*Asks:* 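Dropping a structure here in structure tokens format, bear with me for questions.
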Amino acid sequence: MTATPETKHVLIVGGGFAGLGCALELARSGGRVRVTLIDRHNYHQFQPLFYQLATSQLSVNDVSFSLRRICCDKKNIDIKLAEVAKVDPQTRSVHTKEDENYQGDYLVVAAGSQANFFRIPGADANTFPLYSLTDAERLRSRILALFEDTDRDPKLAEQGSLNFVIVGAGPTGTEMAGGLADMIHTTVSAEYADLAVTAARVYIVERGGTLLAPFSQRAHEYASKVLQRDGVQLRLNSSVTEVHPGHVVLGDGSIIKTRCVIWGAGLMAAPIANTAGLPTGRGGRIQVEPDLTVAGFPGVYALGDCANIAGPDGKALPQLGSVALQSGKWAAKNILADIEGKPRRAFHYLDKGIMAMIGRNAAVAEVGENRHELNGAVAYAMWLGVHLALLTTLQVKVETFVEWIWDYFLQERGPQLLDRSDAARIDWYGDGTDDKATAAIAAATAAK
Ligand SMILES: Cc1cc2nc3c(=O)[nH]c(=O)nc-3n(C[C@H](O)[C@H](O)[C@H](O)COP(=O)(O)OP(=O)(O)OC[C@H]3O[C@@H](n4cnc5c(N)ncnc54)[C@H](O)[C@@H]3O)c2cc1C
């Protein structure tokens, strides 16, 4: 595109739902703006389906999409593969790890979330979070490695090789538990003839008293019933207090031996949200005004998971793909209004409801602002339909649909690739004395 002196430059950090949504909306503005979209990955990630990648149901191509390909026909979007190290909101500029500077008339911070380990000793070093494509691939390799190692040496089951511990029973933890239980009952049972699959245990440890806290009581009960039917052990009102390479310690002092702890217990804003000198609140998220700008920093917007966006009741909206996408599109409209000298409008979130997958033929959905409740096969079909519709290209929609049909009718999983050797290598015979949790716990004990 040919930029004129009137063309404004919008700099966006993050090509997730929020940043990409903003860029694509701005792309429709004709020649009024040019956009530079910076992301540390050359792909957009579809986090809601990560648990299906981790449980070998979908492949990498189904949950990540080339940013250049998505934007290739948008002549006013320039993609830059770079990691932003520093944000200067006063000058609306960023400095990257690759030692480059970018400056815009507008700066949009949409850098998403990272895992929050709440300083639990060992959680950072010894758990598998599920917030990036790499996380999901590493977890898949660890799960497959555990089955392979135990198949070769069944005695490893005594060391907890077939125990999977999921920390947190929100949508991420619950979907992961259901996906893992399904995988154990279908593919693993069919493909590992010598493995004592019945010894496999999936645990969910949750500090609160229910699964799927944002959902209704009926959904809590339904999810508990389905997961328990599928053999998942629920440890509610219980917290993980230490994570070691070979076991976790719970609040009551009990121990679960395991080599696979999956972290779904909390989120906080991406690091650059905290180092930018912008006002932050809960979870280190950037405080935004109703129009998604940041007070005191003209031309700066914060969106999606890395922003605290107030809902109609004044409480922060949840970290959801729908909130991120809608906030991205809304910010684009406000930027265009600003350029035209028109007033910016306060963000209004259109709440279409929430849903979570629990297992084969089992999901919960609460539809619309009035939260019409559905569960079972109808909610399951709705979940598949909604997620299919959200996928980026027709090719990916078709491929994903085929993978789901294949899995549903033939009970055969997609790619079972053990391709991350760092996550697959397990030190079965080490004593764990060099791990960070042991050191931190020893230091805390010595200080008493
Ligand atoms: C496992 C899981 C399941 C989920 N399931 C659902 C669901 O079913 N329904 C739902 O609505 N929501 C779900 N969510 C939440 C939803 O995915 C998020 O709310 C949404 O992705 C947030 O979008 P975002 O654009 O704010 O951030 P993200 O999608 O995280 O995008 C942030 C982008 O910023 C980039 N970035 C970060 N830091 C830098 C940097 N320093 N330099 C350059 N680039 C950077 C990242 O690479 C990333 O591409 C789920 C989330 C997870 C993790």
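Just follow the structure's listing: the first ligand is 1, and inside any ligand the first atom is 1. Treat the numbers as computed from the prediction; the structure is a model and nothing was measured.
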*Asks:* From atom 33 (C) of ligand 1, work out which of N42, I12, D39 has a heavy atom at the shortest distance.
*Replies:*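 Among N42, I12, D39, the closest heavy atom to atom 33 (C) of ligand 1 comes from D39.
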*Asks:* I need the atoms of ligand 1 closer than 4.0 Å to a non-hydrogen atom of S322, numbered in the order shown.
*Replies:*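 Within the 4.0 Å cut-off of S322, ligand 1 contributes 11 (O).
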*Asks:* With the side chain counted from C-beta on, respond yes when R420 and L139 share a heavy-atom pair under 4.5 Å apart, and no when they do not.
*Replies:*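 R420 vs L139: side chains apart.
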*Asks:* Assign the ring pair W383 / Y51 to parallel, tilted or perpendicular, where the plane angle (0 to 90°) is split at 30° and 60°.
*Replies:* perpendicular
*Asks:* What is the closest protein heavy atom to atom 1 (C) of ligand 1, and at what distance does it sit?
*Replies:* L130 O, 3.5 Å
*Asks:* With no hydrogens and no angle check, just 3.5 Å: does a side-chain donor-acceptor pair link H9 and T36?
*Replies:*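 T36 and H9 do have a side-chain donor-acceptor pair below 3.5 Å.
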*Asks:* Begin with the C-alpha distance, continue with both residues' side-chain angles, and end with the deciding distance and a verdict on side-chain contact (heavy atoms from CB on, under 4.5 Å) for K352 and S322.
*Replies:* CA-CA 8 Å; K352 295 182 188 160; S322 46; over 6 Å; no
*Asks:* At a 4.0 Å threshold, what atoms of ligand 1 neighbour a non-hydrogen atom of H387?
*Replies:*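 So the atoms of ligand 1 that pass are 8 (O).
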*Asks:* Hey, are the side chains of M382 and V367 touching, using non-hydrogen atoms and a 4.5 Å cut-off?
*Replies:* yes
*Asks:* Of the choices G321, G112, A270, which has the non-hydrogen atom that lies closest to atom 11 (O) of ligand 1?
*Replies:* G321
*Asks:* With sequence neighbours excluded, what pairs up with R40 under the side chain to side chain donor-acceptor pair (under 3.5 Å) test?
*Replies:* none
*Asks:* Counting heavy atoms only, which of F17, F46, W383, Y131 is nearest atom 53 (C) of ligand 1?
*Replies:*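 Of the listed residues, Y131 has the closest heavy atom.
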*Asks:* Please check if any side-chain donor atom of E403 sits under 3.5 Å from a side-chain acceptor atom of Q52, or the reverse.
*Replies:* no
*Asks:* Around atom 34 (O) of ligand 1, find the nearest protein heavy atom and jot down its residue, atom name and distance.
*Replies:* G14 CA, 3.3 Å
*Asks:* Just verifying a value: how many Å separate F347 CZ and W330 CH2, rounded to the nearest 0.5 Å?
*Replies:*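 Taking CZ in F347 and CH2 in W330, the distance rounds to 7.0 Å.
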*Asks:* Test of understanding: given a 4.0 Å heavy-atom threshold, classify the contact between P48 and ligand 1 as side chain, backbone, both, or neither.
*Replies:*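 For P48, backbone and side-chain atoms both sit under 4.0 Å from ligand 1.
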*Asks:* Just distances here: any N/O of L320 and N/O of ligand 1 closer than 3.5 Å?
*Replies:* yes
*Asks:* Go through the steps for M357 and L384 under the test side-chain contact (heavy atoms from CB on, under 4.5 Å), then give the verdict.
*Replies:* CA-CA 9 Å; M357 177 68 89; L384 295 179; 3.8 Å; yes
*Asks:* Examine distances only and state if a side-chain atom of S189 and a backbone atom of I184 form a donor-acceptor pair shorter than 3.5 Å.
*Replies:*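 Indeed, once roles are kept as given, a pair shorter than 3.5 Å links the two residues.
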*Asks:* With heavy atoms only and a cut-off of under 4.0 Å, state how A110 meets ligand 1: side chain, backbone, both or neither.
*Replies:* backbone
*Asks:* Please say whether Y43 places an N or O atom under 3.5 Å from an N or O atom belonging to ligand 1.
*Replies:*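 No; every N/O pair is 3.5 Å or more apart.
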*Asks:* Can you tell me the protein heavy atom closest to atom 42 (N) of ligand 1 and the distance?
*Replies:*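 Checking every protein heavy atom, the shortest distance to atom 42 (N) of ligand 1 gives V84 N, 2.8 Å.
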*Asks:* Give the residue and atom name of whichever protein heavy atom lies nearest to atom 23 (O) of ligand 1, and the separation in Å to one decimal.
*Replies:*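 Protein heavy atom with the smallest distance to atom 23 (O) of ligand 1: A324 CB, 3.4 Å.
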*Asks:* Numbering the atoms of ligand 1 from 1, which are under 4.0 Å from a heavy atom of H41?
*Replies:*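 Near H41, meaning under 4.0 Å from one of its heavy atoms, ligand 1 has 47 (O).
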*Asks:* Please determine, by modelled atom types, if T96 and E83 share a side-chain donor-acceptor pair under 3.5 angstrom.
*Replies:*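 Short answer, no.
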*Asks:* Between T172 and ligand 1, find which residue part has any heavy-atom pair under 4.0 Å and reply side chain, backbone, both or neither.
*Replies:*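 It is the side chain that touches ligand 1; the backbone stays farther off.
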*Asks:* Return the residue, atom name and 0.1 Å-rounded distance of the protein heavy atom closest to atom 44 (N) of ligand 1.
*Replies:* R40 N, 3.1 Å
*Asks:* What part of A82, side chain, backbone, both or neither, has a heavy atom within less than 4.0 angstrom of ligand 1?
*Replies:* backbone
*Asks:* Mark up the atoms of ligand 1 that fall under 4.0 Å of a heavy atom belonging to Q319, in ascending order.
*Replies:* 15 (C), 19 (O)
*Asks:* Using a cut-off of 6.0 Å, state whether more than 12 heavy atoms not belonging to K397 lie near its atom NZ.
*Replies:*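 It does: K397 NZ has more than 12 such atoms within range.
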*Asks:* Any idea which protein heavy atom is nearest atom 30 (O) of ligand 1, and the distance to it?
*Replies:* Q47 NE2, 3.2 Å
*Asks:* Can you list the ligand 1 atoms lying under 4.0 Å from a non-hydrogen atom of D305?
*Replies:* 18 (C), 19 (O), 22 (C), 26 (O)
*Asks:* I'd like to check which ligand 1 atoms, numbered from 1 as shown, lie under 4.0 Å from a non-hydrogen atom of G304.
*Replies:*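 The list of qualifying atoms is 26 (O).
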*Asks:* Between Q319 and D305, does any side-chain donor sit less than 3.5 Å from a side-chain acceptor?
*Replies:*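 No - no donor-acceptor pair under 3.5 Å links their side chains.
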*Asks:* Passes ring-ring contact (aromatic ring centres under 6.0 Å, His included), W263 versus F128? Steps please.
*Replies:* CA-CA 6 Å; W263 192 259; F128 288 83; over 10 Å; no
*Asks:* Hey, which atoms in ligand 1 end up nearer than 4.0 Å to a heavy atom of A111?
*Replies:*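 Selected atoms, number and element: 32 (C), 34 (O), 36 (N), 37 (C), 38 (N).
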*Asks:* What is the nearest protein non-hydrogen atom to atom 29 (O) of ligand 1, stated with its residue, atom name and distance?
*Replies:*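 Going by distance alone, atom 29 (O) of ligand 1 is nearest to G16 CA, 3.6 Å.
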